[in-house]
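First the structure, in the form of structure tokens, and then the observations on it.
Residues take their numbers from the sequence shown, with the count starting at 1.
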Amino acid sequence: MKVVIVGGVAGGATAAARIRRLDESAEIVVFERSGYVSYANCGLPYYIGGVIEDREELTLQTPESFYERFRVDMRVRHEVTAIHPERKCVTVRNLESGEEFEERYDKLLLSPGANPTQPRLPGMGMERVFTLRTVEDTLRIREYIREHNPRSAVLAGGGFIGLELAENLRELGMEVTIVQKPRQLMNPFDADMAALLHHEVRAQGVGLALGHTVEGFREKDGGVEVMLRDAPSLYGDMVVLAIGVTPESGLAREAGLELGIRGSILVNDRMETSSPDIYAVGDAVQIRHLVTGQEAHIALAGPANKQGRIAADNICGGDSRYRGSLGSSVIKVFGLTAAVTGLNEGAAERAGLQTEAVILSPMSHASYYPGGRVMTMKVIFERGSGRLLGAQIVGREGVDKRIDVLATAIQCGLTAPELKELDLAYAPPYSSAKDPVNMAGFMAENLLQGVVKQLRLEELERLPRDGSVTLLDVRTEREFARGGLEGFVNIPLDELRERMGQLPGDRPVCVVCQSGLRSYVACRILTAHGFDAVNFAGGLRYYDAVVRDRRLVERSAPCGMDME
């Protein structure tokens with residue numbers, strides 16, 4: 001059996017190694033257009049910033065090491081230019097010599113990945129306008145920085161690459177501004193959780209120009225003027241485009257293979273395309289979202305590697321299936337860690353799901369053990385059934401392990417209340433006896449069973465201030481003196497039973513505190529005494545972060561860069 005693989009990074013390299021482990025006699029040829037195979041895409045921004053010092057560390061395997069271990073013929077700087085399914089061969093161009101030839105196959109695996117999205121804008125070909133996707137892109141950016149010592153950069157796009165690159169360029173001492181059309185960073189997160197990231201990014205001196213559309217680039221004063229629609233231009237010594245990726249499916253389209261959403265390659269759960277003996281994996285393919293069952297395009301390394309293994313199993317006569325992806329991901333944002341899995345609220349609503357969410361601010365480990373840090377968690381579930389739909393966490397410690405537990409729970413079909421039953425490891429340096437994931441389960445159960453009613457931020461802002469609703473802040477007098485919400489009166493939680501007579505009994509009571517915990521206790525006390533009490537989800541810490549960020553975004557005043 002002869003297997004030809006197009007693309008030798010995550011999916012392609014994984015498939016090649018798996019095929020060899022399953023079939024020692026197979027002939028395996030991999031064509032990779034770049035000069036590198038099996039490299040760490042996710043580490044590229046950290047090489048630019050000097051966190052990863054040796055560029056060899058980015059390359060997990062070389063063509064020589066791959067051949068020595070797996071006897072796979074890895075041919076770099078070779079581009080497959082056409083697929084001929086009827087003749088079971090591909091046309092290949094040697095990018096070094098210009099030679100073209102055909103290579104036959106018994107099985108063909110497409111793992112071409114995705115390209116940085118490059119809109120057709122004036123100035124796209126300028127020397128100082130970069131994209132970041134490959135090792136070669138990384139080397140060009142690092143070499144430019146070394147030679148020209150730029151003092152400022154504009155990053156178009158606030159996703160994974162944009163944020164990671166912003167951090168690394170700031171570490172090099174550069175002034176950085178991120179500009180993008182959405183009014184928030186990191187679209188997998190809901191706007192309220194993204195607000196926590198905005199605060200950290202601004203605190204580190206990165207300017208945010210959110211809600212602005214880039215209309216083109218032109219040279220100015222030895223740098224780049226970034227022209228915005230209906231807003232003053234930005235200036236940077238360099239620009240990096242990181243506005244997303246587009247599936248590289250041109251070969252598949254020209255060969256007559258069926259395509260799916262965003263032009264991605266259509267595959268079944270065996271990673272088979274519409275053409276016999278042709279498989280496809282990675283960032284170029286359409287997959288199924290595990291929560292909704294709907295078509296999705298999720299360009300992440302984890303799914304690509306799993307898909308490569310599954311395709312290899314099936315190429316070798318097995319019957320492996322890819323169930324789909326949750327889009328679980330995690331990112332370092334300066335001192336914060338942000339992680340997400342499943343659907344955010346916006347995506348769930350667009351999928352026609354009725355959602356509810358709990359927002360909590362637990363400590364990363366037992367509060368009495370030194371060093372604990374507060375994290376903010378948002379767990380989303382289906383109203384009525386309680387089915388887990390997604391989760392988002394932002395914090396400084398313990399974020400990654402909680403998101404992995406929640407991702408596992410979603411994939412296993414748990415409901416939100418069932419989180420309370422998970423038997424999770426506990427010791428004071430690592431967690432609490434009631435882990436934050438368990439706490440989310442308790443809160444979800446209370447909501448679903450009607451033990452407590454909650455008010456979300458948008459509803460809180462719409463509450464009348466005419467006395468028809470009692471607005472109660474149960475923080476301490478000292479906390480309240482430092483600032484509170486308009487119209488709220490202060491009765492500390494520990495005094496509530498004795499001072500309950502001060503509250504009109506014929507009106508609803510909206511209760512707030514710093515994190516939502518004391519206000520929940522207050523609601524239980526009030527409910528037991530006949531009041532109609534409702535708890536504000538997330539507390540004032542959450543409210544202040546979201547509302548403050550919203551005002552800054554509305555003003556959209558980028559800091560740290562020259563404006564015209």
| task | Applying side-chain contact (heavy atoms from CB on, under 4.5 Å), run through Glu164 and Ile331 and close with a yes or a no. | result | CA-CA 8 Å; Glu164 290 169 347; Ile331 183 173; 3.9 Å; yes
Tell me the closest heavy-atom pair linking [X] and [Y], and the distance in Å.
X      : Y      : result
Ser264 : Ile261 : OG-O, 2.6 Å
Thr337 : Val399 : O-CG2, 3.7 Å
Ser111 : Gly12  : OG-N, 3.1 Å
Gly308 : Ala15  : O-CB, 3.4 Å
Leu257 : Ser274 : CA-OG, 3.5 Å
Phe334 : Glu167 : N-OE1, 2.9 Å

| field | Over-ring placement of Arg142 relative to Tyr47, 6.0 Å and 45° cut-offs | value |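 Output yes; distance and angle both within limits.
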More than 12 heavy atoms from other groups under 6.0 Å of [atom1] on [X]:
X      : atom1 : result
Arg151 : CZ    : no
Glu53  : CD    : no
Glu258 : CD    : no
Arg396 : CZ    : yes
Asp230 : CG    : no

4.5 Å side-chain heavy-atom contact, [X] and [Y]:
X      : Y      : answer
Val90  : His84  : no
Tyr543 : Glu461 : yes
Tyr36  : Thr134 : no
Ile83  : Glu254 : no
Leu169 : Leu155 : yes
Val214 : Leu121 : yes
Leu552 : Arg202 : yes
Val281 : Leu109 : yes

| message | Is it the case that the side chains of Tyr235 and Asp221 hold a donor-acceptor pair, with the cut-off being a distance below 3.5 Å and no angle test? | response |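 There is no such pair (donor and acceptor under 3.5 Å, judged by atom type) between the side chains of Asp221 and Tyr235.
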| query | Would Ser34 and Glu32 count as having a side-chain donor-acceptor pair, cut-off 3.5 Å? | reply |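 Judged by distance alone, the side chains do pair up.
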How long is the gap from [atom1] on [X] to [atom2] on [Y], to the nearest 0.5 Å?
X      : Y      : atom1 : atom2 : value
Leu110 : Leu108 : CG    : CG    : 4.5 Å
Ile265 : Ser249 : CD1   : OG    : 6.0 Å
Ile48  : Asn168 : CD1   : CG    : 7.5 Å
His297 : Glu295 : NE2   : CD    : 13.5 Å
Asn344 : Met193 : CG    : CE    : 11.0 Å
Ile278 : Leu251 : CD1   : CG    : 10.5 Å

| Val176: which of Val201, Val206, Leu208 passes side chain to side chain contact (heavy atoms under 4.5 Å, CB included) |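 One option only clears the test, and that one is Val206.
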[X] side chain vs [Y] backbone, donor-acceptor pair below 3.5 Å:
X      : Y      : value
Asp237 : Ser152 : yes
Asn305 : Ala301 : yes
His289 : Val291 : yes
Ser65  : Gln61  : no
Glu225 : Glu219 : no
Thr341 : Ile403 : no

Do [Y] and [X] meet the salt-bridge criterion of a basic N to acidic O distance under 4.0 Å?
X      : Y      : answer
Arg133 : Glu248 : no
Lys378 : Asp190 : yes
Arg140 : Asp137 : yes
Asp400 : Arg402 : no
Glu397 : Arg373 : no

| Which is it for Asp73 and Arg75 under the salt bridge (Lys or Arg N to Asp or Glu O under 4.0 Å) test, yes or no, and what are the steps along the way? | CA-CA 6 Å; Asp73 184 2; Arg75 302 188 203 177; 2.9 Å; yes
| message | Could you work out, with ring pair (Phe, Tyr, Trp, His ring centres under 6.0 Å) as the rule, every residue matching Phe160, not counting sequence neighbours? | response |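 So Phe160 forms no ring pair (Phe, Tyr, Trp, His ring centres under 6.0 Å) with any residue.
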| request: Please assess Glu554 against Arg551 for the test salt bridge (Lys or Arg N to Asp or Glu O under 4.0 Å), listing each intermediate value before the final yes or no. | output: CA-CA 5 Å; Glu554 287 171 354; Arg551 291 167 181 161; over 6 Å; no
| message | Arg288: which residues meet the side-chain contact (heavy atoms from CB on, under 4.5 Å) condition with it, sequence neighbours left out? | response |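 Testing Arg288 for side-chain contact (heavy atoms from CB on, under 4.5 Å), a comparison that skips the adjacent residues, returns Leu290, Arg323.
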Can you give the donor-acceptor pairs under 3.5 Å from side chains of residues 180-187 to other protein atoms, not counting sequence neighbours?
| unit_1 | atom_1 | unit_2 | atom_2 | d |
| --- | --- | --- | --- | --- |
| Gln180 | OE1 | Gly158 | N | 2.7 |
| Gln180 | NE2 | Gln184 | O | 2.2 |
| Gln184 | OE1 | Ala191 | N | 3.3 |
| Gln184 | NE2 | Met186 | O | 3.1 |
| Gln184 | NE2 | Phe189 | O | 2.8 |

| Stepwise side-chain contact (heavy atoms from CB on, under 4.5 Å) check, Glu79 with Phe31 | CA-CA 7 Å; Glu79 181 178 11; Phe31 294 112; over 6 Å; no
